[in-house]
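Start at 1 with the first residue, then count along the sequence. This is a predicted model, so every value here is computed, not measured. Ligands are counted one by one from 1 in listed order, and the atoms in each one are counted from 1 as well.
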Amino acid sequence: MSPAPPATPGAGKVPVGVLVSGRGSNLQALLDAAADPTFPAAITMVLANVPGAYALERAAAAGIATAVVPSKGVPREDFERALLHALGPVEWVCLAGFMRVLTPTFLGAFPGRVLNIHPALLPAFPGTHGARQALEGGVVQAGATVHLVDAGVDTGPILAQGTVAVHDDDTEATLAARILTLEHRLYPMALRWAAEGRITLEGRRARVALAPGESRWIVGE
Ligand code: GRF
């Protein structure tokens with residue numbers, strides 16, 4: 001795949017980098033949202049730590065610059081410095097299925113400006129396999145969360161959440177698919193708030209200056 005040249009964000013658009021490790025369906029949701037001329041952010045760089053991640057193909061198809069920054073066998077600090085170097089002049093960073101925990105080496109360059117999407121109603125079920133944990137935990141309501149990233153695992157201030165019912169006949173796959181649909185609605189919404197400068201923090205509690213009719217909570221199917 002030949003790398004696309006770095007995209008120049010349109011006038012007034014906030015440049016955003018996206019970090020991925022896998023299939024990139026959330027990246028696609030962000031790319032689709034950013035294709036709307038009224039969207040306030042432009043994705044200017046997509047970085048993968050896993051060579052061959054399908055998300056890279058999605059970015060290339062959208063004409064977005066991509067690079068692989070390998071993490072395997074690389075000391076964490078070196079990896080994070082390489083990420084920072086490859087990102088270029090972005091203002092916000094979105095983690096979209098990025099399977100590495102970031103440390104202050106990286107986060108210190110983007111204080112309060114790194115977003116993540118997680119397939120569970122945090123603070124319940126952090127880490128991997130949100131849908132599986134929800135089924136094993138026997139909850140009747142599952143969901144997804146967009147949060148600001150801190151140095152913990154899925155512990156940062158919550159920006160937006162969505163809920164879906166857990167059905168009696170759900171498997172991990174069916175529940176995860178329903179949660180994913182919700183994620184694709186939540187993430188562009190939260191990135192819009194970020195790019196429009198509508199997020200503030202009071203301690204660990206995020207505040208969002210909501211427009212009329214907006215909510216930080218979505219009820220999914
Ligand atoms: C999503 O479930 C996301 O919440 C989690 O990792 C998964 C990534 O999926 N952080 P995709 O690569 O965006 O399709």
Side-chain angles (χ1 to χ4, degrees), residues 1 16-35 41 43 45-62 64 66-69 71 83 92-102 106-107 110 114-137 139 141-164 166 170-191 194 216-218 220-221:
M1 181 192 318
V16 174
V18 183
L19 307 188
V20 296
S21 299
R23 69 188 162 183
S25 71
N26 278 288
L27 167 68
Q28 190 67 57
L30 297 177
L31 290 170
D32 292 348
I43 294 165
M45 176 58 81
V46 173
L47 300 180
N49 67 318
V50 178
Y54 182 64
L56 292 170
E57 291 185 36
R58 297 180 187 267
I64 308 298
T66 65
V68 174
V69 180
S71 57
L83 277 181
W92 282 82
V93 176
C94 291
L95 311 186
F98 183 66
M99 301 304 286
R100 286 273 150 174
V101 176
L102 293 168
F106 183 93
L107 297 173
F110 296 99
V114 180
L115 301 177
N116 184 43
I117 179 97
H118 180 76
L121 281 173
L122 293 173
F125 310 138
T128 53
H129 306 299
R132 186 188 306 175
Q133 291 190 66
L135 289 175
E136 288 172 356
V139 297
Q141 188 164 253
T145 303
V146 182
H147 64 95
L148 294 170
V149 176
D150 64 13
V153 176
D154 304 320
T155 51
I158 289 169
L159 295 175
Q161 293 190 301
T163 53
V164 291
V166 177
D170 261 330
T171 62
E172 181 181 353
T174 59
L175 180 57
R178 218 152 56 248
I179 292 171
L180 196 61
T181 301
L182 192 60
E183 294 181 38
H184 298 162
R185 293 171 61 196
L186 282 172
Y187 214 175
M189 182 175 91
L191 179 56
R216 292 172 62 181
W217 171 45
I218 286 179
E221 306 259 302

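- Side-chain contact between Leu83 and Phe98: present, with at least one pair of heavy atoms (C-beta onward) separated by less than 4.5 Å.
- Here the side chains of Asn26 and Val20 are not in contact, with every heavy-atom distance at 4.5 Å or above.
- With a 4.5 Å cut-off on side-chain heavy atoms, Leu95 and Val93 count as touching.
- Looking at heavy atoms from C-beta onward, Asp170 lies in side-chain contact with Arg178 at the 4.5 angstrom threshold.
- Glu172 has its side chain within reach of Leu135: a pair of non-hydrogen atoms, C-beta onward, lies under 4.5 Å apart.
- Listed by chain and number, residues touching ligand 1 at under 4.0 Å (heavy atoms only) are Arg23, Gly24, Ser25, Asn26, Gly97, Ile117, His118, Pro119, Glu183.
- Side-chain contact between Leu115 and Tyr187 is present, with at least one heavy-atom pair separated by less than 4.5 Å.
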